[in-house]
Amino acid sequence: MNRTQTMKTCRIRLLALILAGLISMPARAEVTPGRWEKVAALQVTFPITVETKDGDRIKGQFEDLSDTDLMLVTNFSRAVIPKEDIETITTQPEDGIADGTLIGGGIGVGVMMSALAVKSDHDFDALGMLMMAGIGFGIGAGLGAATDAATKGEAIVVYKAPGTP
């Protein structure tokens with residue numbers, strides 16, 4: 001195979017890998033308005049944000065749910081909010097930077113090894129290839145950690161009042 005065919009094959013494989021990654025992204029499911037099952041399933045002391053119909057936002061830790069009220073503990077006191085006054089209840093996902101670091105490192109190794117495979121006139125032995133993979137991992141891990149730290153997870157809606165847009 002000549003160099004042009006090798007480059008074309010590498011480009012096709014890279015494009016297929018990118019498309020496979022985009023296709024595998026998770027779909028987002030909406031919460032059914034007026035359903036309290038997700039709220040009732042929350043663990044005690046789980047951090048939540050309650051937005052009331054008059055526009056107030058109350059952050060606290062879930063305590064209990066009765067037939068008529070939601071109880072939560074805030075920094076200052078205990079709050080009891082009538083169910084009919086609640087517009088939405090959301091939580092923040094807990095996400096560290098470890099997954100971004102590992103994903104970035106893996107991508108860095110892949111990019112480095114792909115670059116070395118395309119350039120056929122290198123003189124690396126096994127130790128040199130391992131060292132280049134380590135450099136690719138380090139650069140990718142740093143970029144992945146920085147990207148993951150900069151992106152905040154989207155709030156998860158556990159309750160939405162009927163008729164809420």
Side-chain angles (χ1 to χ4, degrees), residues 11-115 130 132-165:
R11 286 184 194 137
I12 290 171
R13 287 182 183 168
L14 181 61
L15 183 61
L17 182 65
I18 291 170
L19 289 175
L22 290 173
I23 290 170
S24 68
M25 293 180 72
R28 304 214 184 252
E30 291 276 329
V31 67
T32 306
R35 304 284 304 262
W36 290 95
E37 287 83 10
K38 283 190 171 185
V39 180
L42 291 175
Q43 294 178 353
V44 175
T45 71
F46 197 82
I48 61 173
T49 301
V50 177
E51 189 170 330
T52 61
K53 291 182 179 176
D54 60 3
D56 290 337
R57 291 178 71 110
I58 304 164
K59 290 186 178 191
Q61 296 173 334
F62 176 75
E63 184 176 313
D64 197 14
L65 183 66
S66 73
D67 291 337
T68 58
D69 300 316
L70 169 77
M71 280 80 56
L72 67 134
V73 177
T74 66
N75 290 340
F76 306 108
S77 65
R78 172 183 271 158
V80 178
I81 305 167
K83 282 184 176 181
E84 65 265 3
D85 292 346
I86 297 174
E87 186 77 26
T88 59
I89 299 173
T90 57
T91 64
Q92 274 305 117
E94 294 182 25
D95 183 27
I97 62 169
D99 56 342
T101 303
L102 292 175
I103 292 169
I107 291 171
V109 169
V111 167
M112 185 65 78
M113 293 296 105
S114 297
L130 186 61
M132 294 305 287
I135 291 170
F137 183 84
I139 293 170
L143 291 173
T147 302
D148 199 11
T151 57
K152 186 177 180 182
E154 210 174 289
I156 300 168
V157 178
V158 292
Y159 173 78
K160 186 188 302 186
T164 303

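All of these numbers come straight from a predicted model, not from anything done at the bench. All values below come from the heavy atoms of this structure, side chains included, with hydrogens, waters and symmetry mates left out.
- Within the 4.5 Å cutoff, side-chain heavy atoms of Ile58 are placed close to those of Ile81.
- Residues Lys160 and Thr88 meet the side-chain proximity criterion, which asks for heavy atoms closer than 4.5 Å.
- Contact check for Thr101 versus Phe137: no side-chain heavy atoms found under the 4.5 Å cut-off.
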| task | Could you go through the side chain to side chain contact (heavy atoms under 4.5 Å, CB included) check for Val109 and Met113 one step at a time? | result | CA-CA 6 Å; Val109 169; Met113 293 296 105; 4.2 Å; yes
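- Taken from CE in Met71 to CG in Leu65, the straight-line distance is 7.0 Å, to the nearest 0.5 Å.
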Between Leu70 and Ile89, is a side chain to side chain contact (heavy atoms under 4.5 Å, CB included) present by the stated rule, with each step listed?
-> CA-CA 10 Å; Leu70 169 77; Ile89 299 173; 3.9 Å; yes
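- In this structure, Glu63 CD and Arg78 CZ are separated by 3.5 Å, a value rounded to the nearest 0.5 Å.
- Proximity of Thr49 to Arg57: side-chain heavy atoms (C-beta onward) are separated by under 4.5 Å at one or more points.
- Dense packing is recorded around CD of Glu84, with more than 12 heavy atoms of other residues, nucleotides or ligands lying under 6.0 Å away.
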Using the side chain to side chain contact (heavy atoms under 4.5 Å, CB included) rule, take Phe62 and Thr91 through it: C-alpha gap first, then chi angles, then the decisive distance, then the call.
CA-CA 10 Å; Phe62 176 75; Thr91 64; over 6 Å; no
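- For the side-chain contact (heavy atoms from CB on, under 4.5 Å) test, residues two or more places apart in sequence or in another chain that qualify with Asp54 are Thr52, Asp56.
- By the 4.5 Å heavy-atom criterion applied to side chains, Ile135 and Met112 are counted as neighbours.
- At a threshold of 4.5 Å between non-hydrogen side-chain atoms, the residues Leu72 and Val50 count as touching.
- With rounding to the nearest 0.5 angstrom, the CD1 atom of Ile107 is 10.0 Å from the CG atom of Leu143.
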Walk me through whether Asp85 and Lys53 qualify under side chain to side chain contact (heavy atoms under 4.5 Å, CB included). CA-CA 6 Å; Asp85 292 346; Lys53 291 182 179 176; 5.7 Å; no
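- Taking the side chain as every heavy atom from C-beta outward, Pro47 and Lys59 never approach each other to under 4.5 Å.
- Using a 4.5 Å heavy-atom cutoff, the side chains of Val158 and Thr90 are not in contact.
- Checked by atom type and distance alone, the side chain of Lys83 pairs as donor or acceptor with a backbone atom of Ser66 at under 3.5 Å.
- One distance of note links CD1 of Ile97 with CG of Leu102; it measures 10.5 Å at 0.5 Å rounding.
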